[in-house]
Amino acid sequence: MRVYNFNGGPAAISQSVLERVANETLDWNGTGMSIMENSHRAKEVVDMANKVNQDIKELLGLSEEWKVLFCQGGASLQFAMVALNFAPNGAPCDYINTGLWSTKAFLEAKLCGAGARLAASSEADAFTYIPSEFDFSKDSNYVYLTSNNTVRGTQWSAFPKNAPAPLIADFSSDFLSRTVDFSPFALVFAGAQKNLGPAGLTIVLVRENFLQKGAKNIPHMLDYHTYLEHESMYNTPPVHAIYVSGLVLDWLKNSIGGLKAIEKINRAKAADLYAAIDDSFGFYRGTARKDSRSLMNVTFRLPSEELEKNFLSLAKKEGMVGLNGHRSVGGIRASLYNAVPVEAVMALISFMKEFQKKNG
Ligand SMILES: *Cc1c(COP(=O)(O)O)cnc(C)c1O
């Protein structure tokens, strides 16, 4: 039996995509073998990867100046690559700290020798909100932020307008979940395993003119130029992850109807769940400030940790898994990524009402 999967990541993938993967496993695209066994230099595989590249640009409405790169090493390697490429030798760069992943990115930039400083932070308030005032440096090479804070359940709804440098952002947990105006951004990245496909692939979107200004003479696999010059095939790319992501893009485009359609669904799912929390007379307490709430990761607490434990184990018995908060904060987190269907959210809400009746 398939469960309702609320995992924070790796996360739910649409059943229709998984069925297609299963069907194509022994003979992909008439090659008589699985895609895993094909050469990454084979024409069929190169065509497949190019299609994924095109579909991402099309879905996001990116102009020609944007390049799509396929990297590995997760979103975590991007923390180092961004700093090494765009703030070498102590060059100044600004970070906005809104949670675990931006903290990691900031510390990694410093480790890589970047002149990283904090332009804003919500750490003093347990990362419960997205800052709206910034202390930018004038000479900064870029301003870094995390679009959706997977752990704390906060999300940027409008990005900083007065930044003195292009924005670089980690979109790992809300990539392709809503329409975004990318005009203030120079580089955007996302690990695939939250909202796109299997782990092992990281999508990087970068403006070509920004990339050309990047540092030279860094190790090949850490240098974005390498990925651009070799069409992300300098070494063996994660072919299977690219392929499954391609099927997810196809599903998003043709079954769902694109970004506007998925955004509407995502907004409705989140609104229903937050309403259930807010209408519970304090039994369920959202942890993020209301103006900063995430559409992707809904974080909340119950009156005691004992009740949270019971909640999680009962939910699991009812076929709802992955509802535990990130191990660094505890509590409950329902991740409502693109592939989590409305029915899953409806089932969770009725479970929450029942649970409160018995324990409230
Ligand atoms: C999951 C996540 C990461 C870490 O991704 P890895 O692929 O495991 O390195 C980084 N940033 C955000 C916002 C995430 O949600």
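For the single chain, residues carry numbers from 1 onward in sequence order. Nothing here was measured: the structure is a model prediction, and the numbers come from that model. We count ligands from 1, going down the list as the structure has it; atoms in each ligand are counted the same way.
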**Fill in**
Numbered in order shown, the ligand 1 atoms found under 4.0 Å of a heavy atom of G74 are 7 (O), 9 (O)

**Request:** Looking only at protein heavy atoms, identify the closest one to atom 11 (N) of ligand 1 and say how far it is in Å.
**Result:** D170 OD2, 2.6 Å

**Message:** Considering non-hydrogen atoms of the protein only, which is the closest contact for atom 7 (O) of ligand 1, and what is the distance?
**Reply:** Q193 NE2, 2.9 Å

**Request:** List every atom of ligand 1 that sits less than 4.0 Å from any heavy atom of T146, numbering the atoms from 1 in the order shown and giving each element.
**Result:** 13 (C)

Pair up each side-chain donor or acceptor in residues 66-84 with any protein partner under 3.5 Å, not counting sequence neighbours, and list the distances.
residue: Q72; atom: NE2; partner: T236; partner atom: O; Å: 3.0
residue: Q78; atom: OE1; partner: Y224; partner atom: OH; Å: 2.5

**Prompt:** Does ligand 1 have any atom that is closer than 4.0 Å to a heavy atom of S172?
**Reply:** yes

**Request:** Tell me, yes or no, whether the heavy-atom count around N89 atom CG, taken from other residues, nucleotides or ligands under 6.0 Å, exceeds 12.
**Result:** no

**Gap separating the CG atom of L187 from the CZ atom of R207, nearest 0.5 angstrom** = 10.5 Å

**Asked** Quick one: does A75 get an N or O within less than 3.5 Å of an N or O on ligand 1?
**Response** yes

**Message:** Heavy atom to atom 9 (O) of ligand 1, shortest distance: which of S76, A192, G8, G9 holds it?
**Reply:** S76

**Message:** Minimum heavy-atom separation for V21 and T25, please, with both atom names.
**Reply:** O-OG1, 2.6 Å

**Asked** What is the ring orientation for H230 with Y234, classed by angle as parallel under 30°, tilted 30 to 60°, or perpendicular over 60°?
**Response** perpendicular

**Request:** Could you tell me which atoms of ligand 1, counted from 1 in the order shown, lie closer than 4.0 angstrom to a heavy atom of T150?
**Result:** 12 (C), 13 (C), 14 (C), 15 (O)

**Asked** Between H225 (side chain) and L211 (backbone), is there a donor-acceptor pair under 3.5 Å?
**Response** yes

**Prompt:** For ligand 1, is there an N or O atom under 3.5 Å from any N or O atom of K194?
**Reply:** yes

**Request:** Name all residues meeting the side chain to side chain contact (heavy atoms under 4.5 Å, CB included) criterion together with R2; count only those two or more places apart in sequence or in a different chain, and write none if there are none.
**Result:** Q15, L18

**Asked** Under 4.0 Å from any heavy atom of N148, which atoms of ligand 1 are there?
**Response** 13 (C)

